[in-house]
Every structure is written in C-alpha cells, then in structure tokens.
Amino acid sequence: MKLIVVRSGSALLFSEFGARHVKVGDVILLAAQTLCGAEPEGSASTTTIYLDRDYVIDQVFWQYAAQFCDRHNARDFFDAHYSAPAQIVRIGEDRAEMLMPWLDELAALSLDGPRPERFLRAQAMLFSVIDVIVPFVTTTAGTTKAGRGSAVVPSAPRHRQFRPLRIDARHGVQRRSTGVRVCEMPAPRQGNRWPGLLSVGAA
C-alpha cells in the first residue's frame with residue numbers, strides 16, 4: 001500500500017478515479033497493485049510511505065480488538081470498509097504542514113534501512129502521520145463476515161484465559177485449584193522436549 005503526501009506544487013494524477021488535480025494538502029492512498037501516474041504542473045514534490053498490507057490489518061485488529069475473534073475477522077473488516085483501490089484525501093494545507101517534520105524524520109530514519117533500535121521511533125512518527133489522515137479517509141459500507149470456527153471463547157487475546165493443552169497437565173492444575181496437594185516426580189527428558197512443559201496459547 002502507498003500513502004503519498006503532496007509537499008509542494010501541484011500535479012495531474014491518473015489512477016482508478018480517472019484524472020484528478022492534486023496539490024499541497026492532498027494525500028493519495030493507493031492499494032497494492034494499483035496503477036498510478038502523475039504529470040507535474042510546473043514542479044511538485046511528494047513523500048511516499050510504503051505500508052505492508054498485513055501490517056495495516058494487524059493495526060486494525062488491535063484498534064477494534066473487542067470486536068474480533070482473530071485476524072481473519074480484521075482482514076474481512078478491512079476488505080469491506082476500505083475497498084477503494086485509490087482515493088484522494090484532502091486534509092488541507094494546515095494539517096499537511098503538521099506532517100512535514102514527521103515525514104522528514106521518517107525519511108531520515110529510512111536512509112540506512114530498518115534499524116531495530118529505531119523501530120519504535122519510526123512507528124511513533126508513522127502513527128502521528130496516520131492519526132491526522134485517517135479521519136478524512138472515505139470508507140465503504142460493508143458488513144463483516146461471521147467469525148470463523150474457533151475452539152476458544154471469542155474475545156480479544158488479552159482477555160483470553162490461558163489453559164494447559166495437555167490433558168494430564170490440565171488435570172494437575174485442576175487438582176491444585178481444589179486444594180489437594182500433589183507431589184509429582186520430574187518427567188524424563190525426551191530429545192529436546194520436556195514432556196511436562198505446558199503449551200501456552202498465542203494470539
């Protein structure tokens with residue numbers, strides 16, 4: 001996905017919506033594999049942010065965590081509400097001016113490639129930019145598909161109760177919860193696994 005911010009000048013943009021004029025204060029959103037071309041009117045400069053689609057859906061999942069069982073639901077929600085392959089978001093010159101220092105810092109952090117020690121700072125700048133733009137994004141009316149079958153109670157991951165998956169371990173936990181003292185000998189090690197190790201659920 002692409003997020004193109006017009007920093008100066010103006011241009012004639014060609015994409016799924018036909019030919020449209022863009023200028024300072026406009027942001028162009030393009031879905032993956034969407035063709036787009038531009039013809040500057042004199043001169044124009046832009047900053048483009050490339051976003052991985054799975055990364056965006058992951059953010060949608062956590063934004064609406066109370067509504068989703070898993071990331072499949074978040075993907076269905078995203079496909080239903082953000083189906084337009086291309087759109088121009090008009091945020092105005094004042095808001096565009098707010099974005100400039102954040103875009104400059106993002107560009108500076110990207111010069112040497114992704115550095116793990118600067119990941120959180122880059123993400124903070126990205127979220128600052130998106131926070132200004134998203135309220136102006138046009139969404140499409142749609143309904144989220146029903147949740148897929150799951151063996152767990154539908155809830156946000158942070159609210160799920162983790163339980164042992166092994167039957168013998170689960171029985172041990174249940175005995176402990178009733179106040180019965182249980183003495184167990186360590187299980188023999190087999191290869192690189194400990195048979196008594198509990199499996200922990202993950203989102």
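Heavy-atom basis, side chains included; hydrogens, waters and symmetry copies ignored. Note that the structure is a prediction, hence the values are computed from the model and not measured.
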Just checking, any donor-acceptor pair under 3.5 angstrom between side chains of R7 and T47?
yes
Once rounded to the nearest 0.5 Å, what's the spacing between atom CG of L99 and atom CG of L106?
10.5 Å
Do R115 and F119 come close enough that some side-chain heavy atom pair is under 4.5 Å?
no
May I ask you to decide if the ring planes of F68 and Y64 are parallel, tilted or perpendicular, using 30° and 60° as cut-offs?
perpendicular
Would you check, one step at a time, whether the test salt bridge (charged side-chain N to carboxylate O under 4.0 Å, His left out) holds for D70 with R75?
CA-CA 9 Å; D70 52 36; R75 187 180 301 275; over 6 Å; no
Taking D76 first and then R71, would you say they form a salt bridge - that is, a charged N and a carboxylate O separated by under 4.0 Å?
no
Check step by step if side chain to side chain contact (heavy atoms under 4.5 Å, CB included) holds for I4 and V27.
CA-CA 6 Å; I4 306 171; V27 179; 6.0 Å; no
Give the intermediate values and the outcome of side chain to side chain contact (heavy atoms under 4.5 Å, CB included) for residues L3 and I133.
CA-CA 10 Å; L3 188 156; I133 297 171; 3.7 Å; yes
To the closest 0.5 Å, what do you measure between NE2 (H21) and CD (E39)?
9.5 Å
Neighbour count above 12 (heavy atom, 6.0 Å) for E97 CD
no
If I take atom CG from residue L30 and atom CD1 from residue I28, how far apart are they, to the nearest 0.5 angstrom?
7.5 Å
Without hydrogens or angle criteria, can the side chains of Q87 and Y82 be said to hold a donor-acceptor pair below 3.5 Å?
no
Using 0.5 Å steps for rounding, measure from the CD atom of Q59 to the CG atom of L126.
8.0 Å
Tell me if a side-chain donor or acceptor on D58 pairs with a main-chain N or O of D54 at a distance below 3.5 Å.
no
